[in-house]
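Residues take their numbers from the sequence shown, with the count starting at 1. All values below come from the heavy atoms of this structure, side chains included, with hydrogens, waters and symmetry mates left out.
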Amino acid sequence: MEDTIGSNPPSLGFLEKLKSWLSWSWTYVCFVWFGMVLIMVYVVWSPLKLQETLTSVFLNTLTPKFYVALTGTSSLISGLILIFEWWYFRKYGTSFIEQVSVSHLRPLLGGVESSSSTGLFSSVNGEADSRPSVSDCKVWRNPLNLFRGAEYNRYTWVTGKEPLTYYDMNLSAQDHQTFFTGDTQQLRPEDAVMQKAWRERNPQARIRAAYQAIEMNHECAAAYVLLAEEEATTITEAERLFRKALSFGKDGIGFSLQLIHYFSGKDINLLVYIKRRLAMCARKLGRIKEAVKMMRDLMKEFPLLGMLNIHENLLEALLELQAYADVQAVLAKYDDISLPKSATICYTSALLKARAVSDKFSPEAASRRGLSTAEMNAVEAIHRAVEFNPHVPKYLLEMKSLILPPEHILKRGDSEAVAYAFFHLQHWKRAEGALNLLHCTWEGTFRIIPYPLEKGHLFYPYPGCTETADRELLPSFHEVSVYPKKELPFFILFTAGLCSFTAMLAMLTHQFPELMGVFAKAFFSTLFAPLGFFADKMENFMPSSFWHQLTRI
């Protein structure tokens, strides 16, 4: 039974053989037909006096109005084809003529059939990888998200613009509910109030709910977290509230970390969140060494919470200390192919390698003598980082203005680029020549990857849903950066040139009919000159009696 199922039916085998035979013979039939047409034209060239006939008809008989109509019609038709090609390219990302020729003509000519479902989206290892849908684009919590009350609200007070979208804040509300409240069947009264508080859309309603929870239980750590995030107008005030929340949070999980598995996950999550935010407060207030120690202790104490990406906070603080050896040690641990990459990891690795050569790097000198090994490593690291997230360089090079980063980011998207550049631009500026090296090399990435939207070089293909998700995460006043589109197809450029050329000919023929008539005669004379030369050579080569017999036939 297995052999019967696994084998092809005889009818299918015959059809495959017939198809392969047709593909093989089609090429030779085309060549034979083309050769016969050339022979026939040559045979009837002299008896029918084709050259004189063509010259008299096209150059003497037809009026300039005919040429105006001919060129005008050609321009109109090519213009319609151009409009259709452009519309198809904008909608589907490929040329209609190119797609038809690849899908239908290439198999007939014996080429490989189009494999749009596998070839265009193949992974680095050659395995098929379909383009992900919008639901496949996972949104991550921004490891370095700002404080709403002390930072985001200040921006709103000054500019009158909302830096956070409702979609972004709604994701944060969902995070807080699942991260801090846990199982809904074991909710305490104050937890039920806080669960409702996270869902409130109005900031003042959230703050009132937090105070209500404190009235129920003055040791409600989650309520103090909300007040520190949203009511505190300075980082110092936020730190004070977080410290109060930490003291109540420690009491909430017990007196011994040896019994940590007996307590609910929400209390552990709350404790980790508070310690992390305290470390970020210390970083913002200039106590960087203290912040580094708190982050290291937190990573050592809770190693299983790697999904929080605390190492990205640590990398940024170490870069501020210019402790590049410690940065390299952290990268060696987290820059692994089996772990989810991030712009922070890729671009920090590129920064360290660029820093080693950027102070003496010169594009002119490099073009003369070639790149050294260290320079090549730096360029490859930049190409790797740009392929992972191509939006970052424009922010680092200040070709595009920065905004406040959102609370959630999309890996490889514009939101991640904004979040990275907002905190790391100063570190790139501090490394002498690093931005110059980035400026000289980052665009070369797109020459390495022929079709960036479809294929990957070092990573899996770039997701097609990032633009849609970024528009939900980033505010409306920000122009979302889009992954570089592939170049315009040849047929769009060809039809645009043909339309412009024929329109110009129509206009010139209408305005200067005599002059264009002279040019037309010269053009056709030049066009038929190679054919006349070929006929003369053939007459000298072949016996005259042979051609005489052929003409009689």
Inset, instruction - Find out whether Thr466 and Asp414 are in side-chain contact, i.e. whether some heavy atom of one side chain is under 4.5 Å from a heavy atom of the other. - result: no

Legend entry - Donor-acceptor contact below 3.5 Å, side chain Glu230 vs main chain Leu226: no

Inset, instruction - Compute both the distance and the angle, then confirm whether Lys161 meets the cation-pi test with Phe477: under 6.0 Å from the six-membered ring centre, within 45 degrees of the axis. - result: yes

Legend entry - Leu396/Trp442 under side chain to side chain contact (heavy atoms under 4.5 Å, CB included): CA gap, chis, key distance, verdict: CA-CA 11 Å; Leu396 293 181; Trp442 74 279; over 6 Å; no

Legend entry - Salt bridge flag under 4.0 Å for residues Glu407 and Arg148: yes

Inset, instruction - Look at atom NZ of Lys400 and say whether more than 12 heavy atoms of other residues, nucleotides or ligands are closer to it than 6.0 Å. - result: yes

Inset, instruction - For Arg199 and Ala173, indicate whether the former's side chain and the latter's backbone hold a donor-acceptor pair under 3.5 Å. - result: no

Legend entry - Electrostatic pair Arg384:Glu380 at N-O distance under 4.0 angstrom: no

Inset, instruction - Check the surroundings of atom CD in Gln322: do more than 12 heavy atoms from other residues, nucleotides or ligands lie under 6.0 Å from it? - result: yes

Inset, instruction - Please tell me if the side chains of Ile207 and Tyr211 come closer than 4.5 Å, counting only heavy atoms from C-beta onward. - result: yes

Legend entry - Criterion salt bridge (Lys or Arg N to Asp or Glu O under 4.0 Å) on Lys275 and Glu301, from CA distance to verdict: CA-CA 11 Å; Lys275 286 188 173 183; Glu301 192 174 355; 3.2 Å; yes

Inset, instruction - Look only at the side chain of His391 and the backbone of Glu416, and say whether a donor-acceptor pair between them is shorter than 3.5 Å. - result: no

Inset, instruction - Give a yes or no on whether Gln426 atom CD has more than 12 heavy-atom contacts from other residues, nucleotides or ligands under 6.0 Å away. - result: yes

Inset, instruction - Taking the side chain as every heavy atom from C-beta outward, state whether Glu162 and Pro475 have any atom pair closer than 4.5 Å. - result: no

Inset, instruction - Establish, from distance only, whether the side-chain atoms of His408 and Asp175 form a donor-acceptor pair under 3.5 Å. - result: yes

Legend entry - Student check: side-chain heavy atoms of Val292 and Leu318 closer than 4.5 Å: yes

Inset, instruction - Using a strict cut-off of less than 4.0 Å between a Lys/Arg side-chain nitrogen and an Asp/Glu carboxylate oxygen, indicate whether Glu398 and Lys429 qualify as a salt bridge. - result: yes

Inset, instruction - Report yes if some heavy atom in the side chain of Leu404 is under 4.5 Å from a heavy atom in the side chain of Tyr152; otherwise report no. - result: yes

Legend entry - Exam field: side chain Arg276 to backbone Met294, donor-acceptor pair closer than 3.5 Å: no

Legend entry - Qualifying salt bridge (charged side-chain N to carboxylate O under 4.0 Å, His left out) pairs, either residue in residues 312-330, two or more places apart: Arg283-Glu316, Arg283-Glu320, Glu320-Arg430

Inset, instruction - Taking the side chain as every heavy atom from C-beta outward, state whether Glu231 and Arg206 have any atom pair closer than 4.5 Å. - result: no

Inset, instruction - Classify the side-chain pair Ser172/Arg141 by whether it contains a donor and acceptor separated by less than 3.5 Å. - result: yes

Inset, instruction - Evaluate the side-chain proximity of Leu474 to Pro406: yes if any heavy-atom separation is below 4.5 Å, no if none is. - result: yes

Legend entry - Minimum side-chain heavy-atom gap Leu331-Ile345 below 4.5 Å: yes

Inset, instruction - State which residue, out of Lys284, Arg277, Lys244, Arg287, fulfils the side-chain hydrogen bond (donor to acceptor under 3.5 Å, both in side chains) condition with Glu239. - result: Arg287

Inset, instruction - Determine, stepwise, if the pair Trp428 / Tyr347 fulfils side chain to side chain contact (heavy atoms under 4.5 Å, CB included). - result: CA-CA 10 Å; Trp428 279 82; Tyr347 278 90; 4.1 Å; yes

